[in-house]
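Since the model is a prediction, treat every value here as computed from it, not as a measurement. Below, chains carry the letters A, B, ... as their sequence lines are ordered, and counting in each starts from 1.
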Protein chains: 2
Amino acid sequence: MISQKAKYALRALVALAKQPPGKPTFISEIAETQSIPKKFLEQILLDMKHHGLVASRRGKAGGYGLLRPADTISFGEVLRIIDGPIAPLPCLSKIAYRRCEDCKEEASCEVRRVFAQVADATRGVLDRTTIADALEARLPPRLRDAVA
Amino acid sequence: MISQKAKYALRALVALAKQPPGKPTFISEIAETQSIPKKFLEQILLDMKHHGLVASRRGKAGGYGLLRPADTISFGEVLRIIDGPIAPLPCLSKIAYRRCEDCKEEASCEVRRVFAQVADATRGVLDRTTIADALEARLPPRLRDAVA
DNA sequence: ACTTACTCTACAGGGACAATATAGTTTGAA
DNA sequence: TTCAAACTATATTGTCCCTGTAGAGTAAGT
């Protein structure tokens with residue numbers, strides 16, 4: 001299960017991607033149209049800003065906008081920012097590897113071997129699918145590379 | 001991330017699958033060899049028993065053993081018992097579907113569409129891989145069906 | 001009977017999640 | 001220049017779940 005926060009973040013980015021670029025969008029506007037608590041969304045967008053995904057302008061005509069093109073922001077990147085590692089076991093994470101204290105030798109761990117496959121499959125989808133892909137209902141992301 | 005409890009459960013089942021069938025194995029033996037807190041393991045095995053995966057015998061010559069053949073117990077089944085739904089969003093779960101309160105129409109939800117693929121990929125591995133597969137280091141589970 | 005092992009319920013400590021509160025800063029406009 | 005709208009930042013709260021422990025009870029072999 002992904003966290004509510006990650007779901008909000010993804011929905012907010014998708015919403016920003018739909019707006020004409022260059023013109024900032026109010027937090028309050030996103031919060032209303034997406035049914036996200038406004039103060040919570042503020043934290044989320046601030047977090048995304050610190051990671052360079054979005055930019056903001058203050059003041060009355062302020063708001064948020066995507067800083068990078070929507071087709072360069074993957075679901076995996078967002079999830080790692082909000083929820084942390086994607087791997088189902090700490091000993092399978094690429095960004096935050098941690099040995100399992102129980103489990104004598106990693107190489108012969110049956111559980112690890114199976115979940116390594118789960119991790120690969122999951123990352124295959126999440127790291128290949130971008131916010132831009134999500135907007136195009138027609139093409140499944142698998143076909144994107146094939147067509148390009 | 002799967003829970004520690006689920007990891008223990010899978011390791012315990014793998015350990016039971018390695019034992020000669022028919023002869024029960026002590027909880028304390030599994031607890032020691034697998035580095036699992038004994039009292040915690042008791043709860044886990046009891047839970048597995050209630051779900052019909054293992055059987056137990058009491059008394060001095062008691063212990064636990066697999067009730068079903070190891071190649072009929074999938075990782076997915078165990079995970080659903082211990083951790084609940086595998087789906088990354090409640091609106092994608094087959095066993096515990098719940099609509100997302102936020103999100104106006106499911107059919108046009110971009111986030112849902114992407115995670116539906118993640119769910120399929122994950123289930124593809126977990127529901128096809130059994131405890132017996134985990135024991136055979138050589139054959140990746142994908143090949144199992146092809147060979148059979 | 002006596003020991004060993006399984007059965008069951010309850011509960012406690014810690015940490016993560018979801019959100020709210022509060023205070024402050026910046027900017028554009030009246 | 002004053003105001004209000006909007007973003008920035010940090011702190012705090014309540015709830016829930018995860019992990020593990022405690023303890024009393026039950027069954028079975030010797």
Which residues within [range] lie with some heavy atom under 4.0 Å of an atom in DNA chain C?
{"range": "residues 63-70 of chain B", "answer": "Gly63(B), Tyr64(B)"}
{"range": "residues 78-91 of chain A", "answer": "none"}
{"range": "residues 44-52 of chain B", "answer": "Leu46(B), Lys49(B), His50(B)"}

Ignoring hydrogens and angles, tell me if any N or O in the side chain of [X] forms a donor-acceptor pair with the backbone of [Y] under 3.5 Å.
{"X": "Asp133(B)", "Y": "Thr130(B)", "result": "yes"}
{"X": "Arg113(A)", "Y": "Ala134(B)", "result": "yes"}
{"X": "Lys104(B)", "Y": "Thr33(A)", "result": "yes"}
{"X": "Arg68(B)", "Y": "Val54(B)", "result": "no"}
{"X": "Asp120(A)", "Y": "Gln117(A)", "result": "no"}
{"X": "Thr72(B)", "Y": "Pro69(B)", "result": "yes"}
{"X": "Arg11(A)", "Y": "Gln34(A)", "result": "yes"}

Nearest-Å distance for atom pair [atom1]/[atom2], residues [X] and [N]:
{"X": "Glu29(B)", "N": "dT4(C)", "atom1": "CD", "atom2": "C1'", "result": "15 Å"}
{"X": "Glu101(B)", "N": "dA18(C)", "atom1": "CD", "atom2": "C1'", "result": "13 Å"}
{"X": "Phe26(B)", "N": "dG29(D)", "atom1": "CZ", "atom2": "C1'", "result": "11 Å"}
{"X": "Ile27(A)", "N": "dT8(D)", "atom1": "CD1", "atom2": "P", "result": "7 Å"}
{"X": "Lys7(A)", "N": "dC17(C)", "atom1": "NZ", "atom2": "P", "result": "15 Å"}
{"X": "Lys60(A)", "N": "dA5(D)", "atom1": "NZ", "atom2": "P", "result": "7 Å"}
{"X": "Arg57(A)", "N": "dA29(C)", "atom1": "CZ", "atom2": "P", "result": "10 Å"}

*Pair Ser3(A), Asp83(A): side-chain N/O donor-acceptor within cut-off below 3.5 Å*: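 Looking only at side-chain atoms, Asp83(A) and Ser3(A) do form a donor-acceptor pair, the distance falling under 3.5 Å.
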_Cationic N near anionic O, under 4.0 Å, Arg80(B) to Asp127(B)_ =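 Looking at Asp127(B) together with Arg80(B), the answer is yes, because their closest N to O distance falls below 4.0 Å.
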*asked:* Give me each pair satisfying salt bridge (charged side-chain N to carboxylate O under 4.0 Å, His left out) with a member in residues 20-35 of chain A, each pair once, sequence neighbours excluded.
replied: none
*With rounding to the nearest 0.5 Å, note down the distance linking CD1 in Ile2(B) to CG in Leu10(B).*
6.0 Å
_Measuring from atom OH of Tyr64(B) to atom CZ of Arg57(B), what distance do you get when rounded to the nearest 0.5 angstrom?_
13.5 Å
*DNA chain C: Ile2(A) or Gly62(B), which has the more 5' nearest nucleotide?*
Gly62(B)
*Please check the phosphate of dA5(C) (OP1 and OP2 only) for any side-chain N or O of Ser56(B) closer than 4.0 Å.*
no
*Phosphate OP1/OP2 of dT19(D) contacted by Ser3(B) side-chain N/O (<4.0 Å)*: yes
*Mind checking side chain to side chain contact (heavy atoms under 4.5 Å, CB included) for Glu106(A) and listing every partner two or more places apart, or none if nothing turns up?*
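Only Cys91(A), Tyr97(A), Arg99(A), Arg112(A) meet the side chain to side chain contact (heavy atoms under 4.5 Å, CB included) criterion with Glu106(A).
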Restricting both atoms to N or O, compile the protein contacts to nucleotides 19-22 of chain C shorter than 3.5 Å, with distance only.
| residue | atom | partner | partner atom | Å |
| --- | --- | --- | --- | --- |
| dA19(C) | OP2 | Tyr8(A) | OH | 3.3 |
| dT20(C) | O4 | Gln43(A) | NE2 | 2.5 |
| dT22(C) | O4 | Lys39(A) | NZ | 2.6 |

*Quick one: do Glu42(B) and Lys49(B) satisfy salt bridge (Lys or Arg N to Asp or Glu O under 4.0 Å)? Show the steps, please.*
CA-CA 10 Å; Glu42(B) 284 183 7; Lys49(B) 180 187 176 180; over 6 Å; no
